[in-house]
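What you see is a predicted model, and the numbers here were worked out from it, not measured in a lab. Each chain gets a letter, A, B and so on, in the order the sequences are listed, and its residues count up from 1.
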Number of protein chains: 2
Amino acid sequence: MNSRDLLPMGEISSRSGFAASAIRYYEAEGLITAHRSAGGQRRFERGVLRRLAFIRAASNVGLTIEEIRDELARLPGNRTPTKADWHRISKHWRKRLDDQIAALQRLKGGLDNCIGCGCLSLRSCAFSNAGDWAAERGPGAQLLPDTLRRPHPVKRDSSS
Amino acid sequence: MNSRDLLPMGEISSRSGFAASAIRYYEAEGLITAHRSAGGQRRFERGVLRRLAFIRAASNVGLTIEEIRDELARLPGNRTPTKADWHRISKHWRKRLDDQIAALQRLKGGLDNCIGCGCLSLRSCAFSNAGDWAAERGPGAQLLPDTLRRPHPVKRDSSS
DNA sequence: CCTTGAACTCAAGTTCACTTCAACTTGAAC
DNA sequence: GTTCAAGTTGAAGTGAACTTGAGTTCAAGG
């Protein structure tokens, strides 16, 4: 771990595609670690790029920071995932995606039914009925699993 | 529109499944309207229940408040949707669901590829590569459409 | 009349995953 | 030695869709 092998913020940022602020945030959250230069600047090991790739992939699948942290922690000794690790993890992720797809398809099925009846009735229409099979959940979204609830902003790129 | 036909907050709330606070919020946002009692309490017309059912359904599909407001406004004269209206609207919603499903399936396809290679490499793995085909988007989520970004809290029910 | 539960308002809080800002310091090149 | 891009910090802001809280008033029953 020669100091020549350590990368500064800018390089990690451009190579990973994450903004510096995001990388600092991930460090604060314990998803990655950094060394410091004499003057206090961050110096990253190369492996951090892999971790960041993992973080991006996990985030694409819809995992929260907390879940990503757990998943990273489960990799023994903070190592880069082996093929076996990755196999196990991606199985997990795949199930998550399958669940999400299934939920949307159920929703669509309900919609298709309702096209026929044109009802949208509180009493008989399962698609919008709060007290029926899509019972006691949050306010707006009843048929969707937690993982498919509404998005949050994520500012669009200022370039372009 | 006899005053006997107007429903108070509690009844609208329990029949629709929305919290009173949510209903007040929807009113403030212009999704529904209410009359007032002599003392200033809200009195709702029965039709509001249908509107709320519509709001729930739309919210299930993932529409924002803004989109729901637009969609409601497009119903001429604030009327309850006719069969034709509903047909048009549900076609729109169906397309949205189809897009979301397709996006998840693309994502899953990428994941399946990666199980084979076990790579998760910044250079070659499209699933986590920021600069490749899943190019310039927000920070975390690259392959997901805006409609499928991360959820927001929605407090769990305190009853139960 | 009195109590009690339901409703009211308005401001502030919540969550998540970051970004933005202001004010300052580093460090590499010239 | 000067310059200036790149880096640092901590606090505050963002957005959606509500919820919570404090303090007050309404309305129906007894």
Side-chain angles (χ1 to χ4, degrees), chain A residues 3-4 6-14 17-31 34-44 52 55-56 58-60 62-69 137-141 144 146-147 149-159, chain B residues 3 6-14 17-31 34-44 52 55-56 58-60 62-69 137-142 144 146-147 149-159:
Chain A
S3 87
R4 272 123 219 119
L6 297 178
L7 307 171
M9 185 71 261
E11 201 151 342
I12 291 286
S13 173
S14 60
F18 285 107
S21 60
I23 292 168
R24 279 191 277 267
Y25 172 71
Y26 291 146
E27 192 201 358
E29 289 296 309
L31 302 197
H35 304 276
R36 294 301 180 127
S37 75
Q41 298 194 353
R42 269 162 265 253
R43 290 300 120 104
F44 298 93
L52 288 171
I55 290 169
R56 187 181 299 284
S59 158
N60 276 333
L63 303 197
T64 63
I65 294 291
E66 171 120 356
E67 290 169 314
I68 297 173
R69 181 179 22 237
R137 310 281 261 101
L144 290 176
D146 289 356
T147 48
R149 297 296 178 78
R150 281 260 91 208
H152 87 114
V154 181
K155 276 276 174 61
R156 227 80 320 255
D157 49 353
S158 39
S159 64
Chain B
S3 88
L6 297 176
L7 307 171
M9 186 69 261
E11 201 151 344
I12 291 287
S13 173
S14 60
F18 284 107
S21 60
I23 293 168
R24 278 190 280 266
Y25 173 71
Y26 292 145
E27 191 201 0
E29 289 296 308
L31 302 196
H35 303 276
R36 294 300 182 128
S37 74
Q41 299 195 351
R42 267 161 269 252
R43 290 301 120 102
F44 298 92
L52 288 171
I55 290 169
R56 188 181 298 283
S59 159
N60 276 333
L63 303 198
T64 62
I65 294 291
E66 171 121 358
E67 290 170 313
I68 297 172
R69 181 177 24 234
R137 309 284 260 101
Q142 314 274 311
L144 290 177
D146 289 356
T147 47
R149 296 295 177 79
R150 279 261 92 206
H152 87 114
V154 181
K155 278 275 175 61
R156 230 71 328 245
D157 50 354
S158 41
S159 64

Which nucleotide sits closest to the side chain of A:Ser21: D:dA17, C:dT20, D:dT19? C:dT20
For a quick test of reading the model: is some side-chain N or O of B:Ser37 closer than 4.0 Å to OP1 or OP2 of D:dA27? yes
Euclidean distance, atom [atom1] of residue [X] to atom [atom2] of [N] [Å, nearest integer]:
| X | N | atom1 | atom2 | value |
| --- | --- | --- | --- | --- |
| B:Leu6 | D:dC26 | CG | P | 19 Å |
| A:Leu63 | C:dA17 | CG | C1' | 14 Å |
| B:Tyr26 | D:dA16 | OH | P | 14 Å |
| A:Leu7 | D:dA6 | CG | C1' | 15 Å |
| A:Phe18 | C:dC18 | CZ | C1' | 11 Å |
| B:Ile23 | D:dC18 | CD1 | P | 11 Å |
| B:Arg69 | D:dA16 | CZ | P | 10 Å |
| B:Tyr25 | C:dA12 | OH | C1' | 15 Å |

Could you tell me which non-hydrogen atom of B:Ala58 sits nearest to which non-hydrogen atom of B:Ile68, and how far apart they are? CB-CG1, 3.6 Å
Flag, side chain of B:Ser13 to backbone of B:Met9, donor-acceptor distance under 3.5 Å: no
Stepwise, does the side-chain contact (heavy atoms from CB on, under 4.5 Å) test hold for B:Glu27 with B:Arg42? CA-CA 10 Å; B:Glu27 191 201 0; B:Arg42 267 161 269 252; 2.4 Å; yes
Nearest-nucleotide wise, let me know which of B:Ala38 and B:Ile65 is further upstream toward the 5' end of DNA chain D.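 Of the two residues, B:Ile65 wins.
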For A:Arg69, which residues count as a salt bridge (Lys or Arg N to Asp or Glu O under 4.0 Å) partner, sequence neighbours excluded?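 A:Arg69 satisfies salt bridge (Lys or Arg N to Asp or Glu O under 4.0 Å) with A:Glu29, A:Glu66 only.
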I'd like a table of atom pairs between the protein and nucleotides 3-8 of chain C - only N or O on both sides, under 3.5 Å - with the distance next to each one.
from, atom 1, to, atom 2, distance (Å)
C:dA7, OP1, B:Gly10, N, 2.3
C:dC8, OP1, B:Arg42, N, 2.8
C:dC8, OP1, B:Arg42, NE, 2.8
C:dC8, OP2, B:Arg24, NH1, 2.5

